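Predicted, not measured: the structure shown is a model, and the values here were computed from it.
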Amino acid sequence: MRNSCCRPPAPPCPRPCWLLPRVVGASRDTFRCMAVCIAVEGLPCGLRGPFAVLSIEPAGEPRIAPPCSCRSASRCTDAVIPLAVWICDGCGGRFCGTAELHIRVRVPSCPPGANLIAQADVRFIGGDTAPCRPVFDVRLEVCVDVYAVRMEPCGRGERRERPEWNSCF
């Protein structure tokens with residue numbers, strides 16, 4: 001009969017490993033005074049003109065198309081930024097509709113296994129009124145950041161000891 005204390009020790013438990021996003025490339029495009037035409041959708045029926053834009057803001061994450069085959073170090077692609085547009089109709093009512101802004105942006109070179117993620121900031125500068133339909137010529141300030149992100153393992157390797165906190169606190 002064998003004693004249980006004579007067994008070989010169990011192998012040590014592996015340290016946990018997580019996949020965390022790591023930014024491996026980035027680019028930023030800023031358009032200071034971009035003139036665009038936007039058509040506002042999703043408004044209630046029966047609104048009367050003239051229409052005026054009150055504010056425009058991003059309404060979600062931009063969608064990035066796969067990059068084109070430009071031969072420069074920074075490639076280019078199309079970005080679609082969803083917008084929330086607040087308008088005022090001829091009777092003084094305020095309504096929120098949606099629109100999309102299509103722009104061309106540069107992207108960093110993508111190493112294998114990386115994905116593109118974008119963030120956009122949109123500021124309404126000014127625009128004209130629309131007499132009968134909610135289609136506006138507006139000026140916007142747009143800043144688009146595009147990141148190449150790759151998921152990498154984290155949590156393995158040697159553990160560092162925490163520094164001792166000062167005992168005076």
Side-chain angles (χ1 to χ4, degrees), residues 13-45 47 51-88 94-130 133-163:
C13 294
R15 292 196 176 145
C17 181
W18 297 278
L19 290 177
L20 296 176
R22 178 177 180 204
V23 176
V24 292
S27 70
R28 172 177 282 179
D29 284 311
T30 302
F31 306 93
R32 299 271 180 222
C33 190
M34 172 187 272
V36 295
C37 179
I38 58 170
V40 182
E41 299 174 353
L43 296 171
C45 296
L47 298 181
F51 300 101
V53 176
L54 301 174
S55 71
I56 298 176
E57 55 194 33
E61 293 184 15
R63 295 185 305 272
I64 299 288
C68 66
S69 59
C70 296
R71 300 217 180 246
S72 62
S74 291
R75 297 176 298 168
C76 48
T77 189
D78 292 322
V80 178
I81 303 170
L83 301 173
V85 182
W86 285 91
I87 68 162
C88 180
R94 295 180 181 193
F95 303 94
C96 184
T98 60
E100 289 185 338
L101 176 62
H102 297 264
I103 58 174
R104 192 116 174 120
V105 295
R106 291 176 297 131
V107 295
S109 59
C110 262
N115 295 321
L116 292 176
I117 297 175
Q119 292 180 336
D121 187 30
V122 178
R123 187 173 72 93
F124 176 61
I125 297 173
D128 297 333
T129 60
R133 295 184 314 145
V135 177
F136 302 95
D137 291 323
V138 295
R139 290 181 314 281
L140 303 173
E141 182 176 345
V142 180
C143 180
V144 180
D145 295 318
V146 180
Y147 301 101
V149 177
R150 181 173 54 206
M151 300 302 281
E152 293 188 353
C154 179
R156 290 190 184 233
E158 296 181 19
R159 281 195 162 172
R160 295 182 187 172
E161 295 296 322
R162 277 193 223 173

Evaluate the side chain to side chain contact (heavy atoms under 4.5 Å, CB included) criterion for residues Phe124 and Leu140: first the C-alpha distance (whole Å), next the side-chain angles of each, then the deciding distance (0.1 Å), finally the verdict. CA-CA 5 Å; Phe124 176 61; Leu140 303 173; 4.1 Å; yes

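Tyr147 places none of its side-chain heavy atoms less than 4.5 Å from the side chain of Leu116. In this structure, the side chains of Thr98 and Pro82 stay at 4.5 Å or more apart for every pair of heavy atoms.
With rounding to the nearest 0.5 angstrom, the CG atom of Asp145 is 12.0 Å from the CD1 atom of Ile117. Rounding to the nearest 0.5 Å gives a distance of 6.5 Å between CG of Leu20 and CE of Met151. Atom CZ of Phe136 sits about 8.0 Å away from atom OG1 of Thr129, to the nearest 0.5 Å. In this structure, CD on Glu61 lies 12.0 Å from CD1 on Ile81, to the nearest 0.5 angstrom. The distance from the SG atom of Cys76 to the CZ atom of Arg106 is 10.0 Å, given to the nearest 0.5 Å.
The two residues Pro44 and Phe95 make their nearest non-hydrogen contact at CG-CD2, 3.7 Å. Smallest separation of non-hydrogen atoms from Ala118 and Pro62: O-CD, 3.5 Å. Here the shortest heavy-atom pairing between Val80 and His102 reads CG2-ND1, 3.3 Å. Between Leu83 and Ala59, the closest heavy-atom pair is C-CB, 3.7 Å. Across every non-hydrogen atom of Cys96 and Ala84, the tightest pair is SG-CB, 4.2 Å.
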Show me the donor-acceptor pairs within less than 3.5 Å that the side chains of residues 30-43 make with the rest of the protein, sequence neighbours left out.
none

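Every residue meeting the side chain to side chain donor-acceptor pair (under 3.5 Å) condition with Arg22, not counting sequence neighbours, appears here in chain and number order: Glu152. Contacts of Asp78 classified as side chain to side chain donor-acceptor pair (under 3.5 Å), with partners at least two apart in sequence or in another chain: Arg104.
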